[in-house]
Structures are given as C-alpha cells and as structure tokens.
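Everything below concerns the one structure shown next.
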Number of protein chains: 2
Amino acid sequence: MITLAEENYLKAILKLSKNSENSISTNAIADELETKASSVTDMIKKLTDKQLVDYVPYRGVNLSKSGLNKAIEIVRKHRLWEVFLVTKLQFKWDEVHYIAEQLEHIKSQKLVDALDTYLGYPQHDPHGEPIPNKDGQFPKSFSKRLSELEKGSSGQVVGVSQDNQSFLQYLNSLKITLGTSIRVIQKIDFDNSLEITINNESAHISNDVARNLLIKQK
Amino acid sequence: MITLAEENYLKAILKLSKNSENSISTNAIADELETKASSVTDMIKKLTDKQLVDYVPYRGVNLSKSGLNKAIEIVRKHRLWEVFLVTKLQFKWDEVHYIAEQLEHIKSQKLVDALDTYLGYPQHDPHGEPIPNKDGQFPKSFSKRLSELEKGSSGQVVGVSQDNQSFLQYLNSLKITLGTSIRVIQKIDFDNSLEITINNESAHISNDVARNLLIKQK
DNA sequence: TTTAAAATTTAGGTAAATCTAAAAATTAAA
DNA sequence: TTTAATTTTTAGATTTACCTAAATTTTAAA
Ligand SMILES: [Mn+2]
Ligand SMILES: [Mn+2]
Ligand SMILES: [Mn+2]
Ligand SMILES: [Mn+2]
C-alpha cells in the first residue's frame, strides 16, 4: 500500500523530472513540497525500500518504472478531476487545483476510468496540461514556453505549466487565458523579462511568468 | 483542523446515536470502527478537547452541537457522492459505499454545494438513506423497519439502513431492491426471523436483515 | 590544493493514531 | 452483599511523517 505522503513525493519527483535530465536533488524536492531536506531524505529511503525510486546518497533520486507509473496515475487523476470541476460543476480555472490535490488520492481504478469516460476522454485539463490516458501515454504537444520564443514571434496560449491560484489570478489580471494571442516585442537581457502584447495590448512580464506559459505558434 | 480519523469517529457516533437514546459506549464505537476500545478512549479524549463530544469517563459519549453539525456534514457528503457515482457514473448500488468513504473527507464547502446543485438536490441516496440539506435538516421519512411490521402487513422497500457490499449483494440475490413489494407472512418468535413474500415469491430472512430494510406501507 | 560554503544525511525528538497487556471501575451473578 | 464477569481506562510501544540541530559529504572559491 502506498500512502498519501508517498504519492505526493512521487508526483513532485515526476514534476521536477520534466524540467531536467539529471537526478532530482533532495533540496529540489523539499522546495517543491515545502518541507525540510531531512524529511525528504527520510521519505526517499521509504520509497527506495518500496522500489518506487532509485536513489544514490548525496546524488539524488529518479523514479523507477513502477514509481513512474504510479506518479502518472496520480497526475491523470488530478487533471481529470480538474476537468470535472470546471466542465460539470462550473468552477473557474483558478479554483480547482487545491481541490484536485485532495481528489487525486481517491483510490478506485474503476472510478478513474468511469470519470474519464463521463468527461469524454479529455486530452487536456483546464490549464492546458496534458492528461495521460489509461496506459500512461501523454498526448503529443506542439507548444513552446513563451520564454523560448524569438523576438517578434507570436502565438496563442495553449497551456500553463503551473496551476497554483496566485499564478492563475495574476494571469487573469493580465487578461491572459487559454487562447489569448501573445507577441514578443522585446527580450530584456538583464533579467530575461519580456515586453509583449496581449491581444495587441502591451505589457511587461518576468521570465518566471514567461517560462510557465505554453504557446502554440501559427 | 479536524483530521480524517476524527471525522470517522464523529460519523460513527452519529450512526450509533440514531439507534439509541443513551450515551454511546466505548465498545460500541470500537465495534463500529473495527478498532480497539483503548484506541477509542484515546480518540474520545481528543474529541473532548476539541469540544466535539461530551464525555463522562466510563459512561460514554454524546455528540456536542458542533460535533453533530460536523457529523451531519460528513454524512451529507458521503450520500451526495454516492448519488453522483450511481446517477452520473453508472455505478451499481453495491459498489459505491467504499468509494464514498474516501470522498466524504474531501474538504471544500463550495464543492459540496456545487455537487448538490449538479445532482438536483437529491433527498435520498442510492440506498434510500436520507440526505441532509445545506442546513443539516434531514428529509422527513415515513418508513418503518421491516422487522417492526405486523404479520400480514405489506409495503414497498424504500431504503436500507446499511450499505456495505455484502449486505447489498445478499439483497441482490434475494431480488430485493428499492421498490420491491414485501409482505410479512409469518414472524418466528424463536429468533425473530420472518417468512415473507418478495414480489409474491416466498422467502425466509433473519431479523438482522429485516431490521435493515426500510418499508413504506400503502 | 586547501579552505569555505552549500547540500545532504544522521541523530534524536514530537504528534497522530493505532496496538497489547495490565489496572481500575462498573455491572451482573451468586 | 460479596464475588465474578464485563467494560473501560491507563501504561507503554509502534509506525508514519514530520521537525531541529549536528555531522558528513560534495562543490565552489580562494
Ligand atoms: Mn492542478
Ligand atoms: Mn491543472
Ligand atoms: Mn455509504
Ligand atoms: Mn448510502
């Protein structure tokens, strides 16, 4: 049996793995989960015992095959529940993450599959994040991070790679949502921030924001 | 903050309170939750500290006002989720209890209310059990336990006061479901079992079963 | 290449929720 | 009403998931 805390660690390690080729460090996990490095070391040992991660002391961890499957299953549940909340219960995209953090731990394979069917096998959650299918495959994506776009190029927002409330509410205030057209006007070398237009209105955003906006170019 | 274990204790005490005027004993709670009496004593102390129950050592507990509210809220969530699973996701009535045991602990007032609206404010769950409204009021019930019916009288099954899988599957095998017509043919004094007809087919059921069948007489 | 800083692990501890075994209180039986 | 049985509580442990502080290892700087 896998505990709730263990599930959260696996999910965090998967998320961090998406942004790096290397093993995931203790501190990175501690930051992600807002806990202490010593707690992470403790938990990593438990996950190692259960063969959910491969661990080399002082060198970091990687998800094992079964750990990866488990992590993908949790992400699948999280995102399907977010779709449910938005499409069926009329929640806004900035209101669902916290609740999905709880719902993702409900254990019932039949429930996940029934929910998927009920929702019509969605490929993306309300934030444009890809939903793995029953076999753990993620849909192909053709998006780039806004921070990677050249000066002068443009495209539409198809996703955000973070879904915490304060980030989404900031996007709301900028009038950025899925489908919004964005053009890069200027890239500022000093801090990697960007001058952009949002549906032809100009604005200035930090690299931190640009990195979390997924753009599909025309 | 109220923990998951505390919520389960409150729900158990509410359930036991429905079948007795008196304070609820430590052993009764231990039986209901399949745990040990010493664990119950420990937990009761915590609930007492939080003023969720009134407790007299060796004499049992009762829910306090706030404990009762909390317990009703959990029952409300449990039953609404059961309705969701059956009416929206096509689950059978004997498949939902275990999953609802998990879902009842999801914390979000907005979610409960949105779910209630989405389901059309149902008054009863898939087992005929009453669903308290937003204010904690249970709908009025006009049913009796089958075990309380006189010899010769009859009625329709409108609910079951237990929803564990083995009980429901036994009912399935007897061809008893919500709406089934039952008549009491004979009451056996020796063990309080009953000779009945189920849609005019005769059968013999124990008092244990009869006590958990809710009948509405014509 | 030695030293200082940063990252990681270990040691020792806490709180929640459980357990077994023993003690104390209540209830039922003789 | 005394004794025996039953119920309940207490004492002492265990497991999970955390924490702080100290020790160790790795990395970066001088
Ligand atoms: Mn989310
Ligand atoms: Mn999301
Ligand atoms: Mn139930
Ligand atoms: Mn039910």
Side-chain angles (χ1 to χ4, degrees), chain A residues 1-13 16-17 19-63 67 70-71 74 101-102 104-107, chain B residues 1-13 16-17 19-63 67 70-71 74 101-102 104-107:
Chain A
M1 253 297 295
I2 186 162
T3 70
L4 188 142
E6 288 168 349
E7 290 191 342
N8 284 332
Y9 272 82
L10 294 179
K11 191 170 59 126
I13 297 168
L16 294 167
S17 299
N19 302 316
S20 91
E21 315 298 294
N22 313 313
S23 294
I24 306 308
S25 75
T26 302
N27 267 350
I29 297 169
D31 276 7
E32 175 66 26
L33 294 176
E34 296 181 84
T35 183
K36 298 299 155 81
S38 56
S39 304
V40 174
T41 303
D42 269 4
M43 181 58 87
I44 283 172
K45 286 178 185 164
K46 291 177 201 159
L47 294 174
T48 304
D49 289 346
K50 295 190 176 187
Q51 308 195 55
L52 293 164
V53 298
D54 298 314
Y55 168 53
V56 182
Y58 294 100
R59 292 270 101 108
V61 286
N62 286 101
L63 291 173
K70 200 72 202 112
I74 300 160
E101 288 286 319
Q102 300 177 62
E104 71 190 5
H105 301 290
I106 302 294
K107 283 172 185 60
Chain B
M1 253 296 295
I2 185 162
T3 69
L4 186 144
E6 288 169 349
E7 290 192 343
N8 284 331
Y9 272 83
L10 294 179
K11 191 170 59 125
I13 297 168
L16 294 167
S17 300
N19 303 314
S20 93
E21 315 299 294
N22 312 313
S23 292
I24 306 307
S25 75
T26 302
N27 267 350
I29 297 168
D31 276 7
E32 176 66 26
L33 293 176
E34 297 181 84
T35 183
K36 297 299 153 81
S38 56
S39 304
V40 174
T41 303
D42 270 3
M43 181 57 88
I44 283 172
K45 287 177 185 164
K46 290 177 201 159
L47 295 173
T48 303
D49 289 345
K50 294 189 176 186
Q51 307 195 57
L52 294 164
V53 298
D54 298 313
Y55 167 52
V56 182
Y58 294 100
R59 292 270 101 108
V61 286
N62 285 101
L63 291 172
K70 201 71 202 114
I74 300 160
E101 288 287 318
Q102 300 177 61
E104 72 190 5
H105 301 291
I106 301 295
K107 284 173 184 60

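These values consider heavy atoms only, across backbone and side chains, with no hydrogens, waters or symmetry-generated copies. Order of the sequence lines fixes the chain letters, A, B, ..., with proteins taken first and strands second; residue numbering starts at 1 for each chain.
Across Thr41(A), Val40(A), Asp42(A), a single residue satisfies side chain to side chain contact (heavy atoms under 4.5 Å, CB included) together with Ile44(A), and that is Val40(A).
Side chains of Leu4(A) and Gln102(A) form no contact here, defined as non-hydrogen atoms less than 4.5 Å apart. Contact of the His105(A) side chain with the Lys11(A) side chain is not registered, since no non-hydrogen atoms from C-beta on lie closer than 4.5 Å. Residues Val53(A) and Leu10(A) have side chains in contact (heavy-atom distance under 4.5 Å, counting atoms from C-beta outward). By the 4.5 Å heavy-atom criterion applied to side chains, Leu52(A) and Glu7(A) are not counted as neighbours.
The Tyr58(B) side chain lies nearest to dT9(D) when the options are dT9(D), dA17(C), dC19(D). Among dT18(C), dT20(D), dT27(D), the nucleotide with an atom closest to any side-chain atom of Lys36(A) is dT20(D). Of the candidates dC19(C), dT9(C), dA17(C), the closest approach to any side-chain atom of Thr35(B) belongs to dC19(C).
Atom CD in Glu6(B) sits about 14 Å away from atom C1' in dT18(C), given to the nearest Å. The OH-P distance, from Tyr9(A) to dA17(D), rounds to 9 Å in whole Å. In this entry the distance linking CD of Glu34(B) with P of dT18(C) reads 12 Å, nearest Å. Distance CE (Met1(A)) to P (dT16(D)): 11 Å, rounded to an integer number of Å.
Classification of Lys70(B) and Glu6(B) as a salt-bridged pair fails, no side-chain N sitting under 4.0 Å from a carboxylate O.
Contacts between residues 23-33 of chain A and DNA chain C, defined by a heavy-atom separation below 4.0 Å, involve Ser25(A), Thr26(A), Asn27(A), listed by number. Remark: Ser39(B), Asp42(B), Met43(B), Lys46(B) in residues 39-55 of chain B come within less than 4.0 Å of DNA chain C through at least one heavy atom.
The nearest heavy atom of DNA chain D to Ala5(A) and to Ser38(A) marks one nucleotide each, and the one closer to the 5' end goes with Ala5(A).
For CD of Gln51(A), the number of neighbouring non-hydrogen atoms (other residues, nucleotides, ligands) closer than 6.0 Å is 12 at most.
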Ile29(B) and Glu32(B): CA distance, side-chain angles, deciding distance, side chain to side chain contact (heavy atoms under 4.5 Å, CB included) verdict: CA-CA 5 Å; Ile29(B) 297 168; Glu32(B) 176 66 26; 5.6 Å; no
Verdict with supporting geometry, Tyr9(B) and Ile2(B), side chain to side chain contact (heavy atoms under 4.5 Å, CB included): CA-CA 11 Å; Tyr9(B) 272 83; Ile2(B) 185 162; over 6 Å; no
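Under 4.0 angstrom from either OP1 or OP2 of dT27(D) there lies at least one side-chain N or O belonging to Arg59(A).
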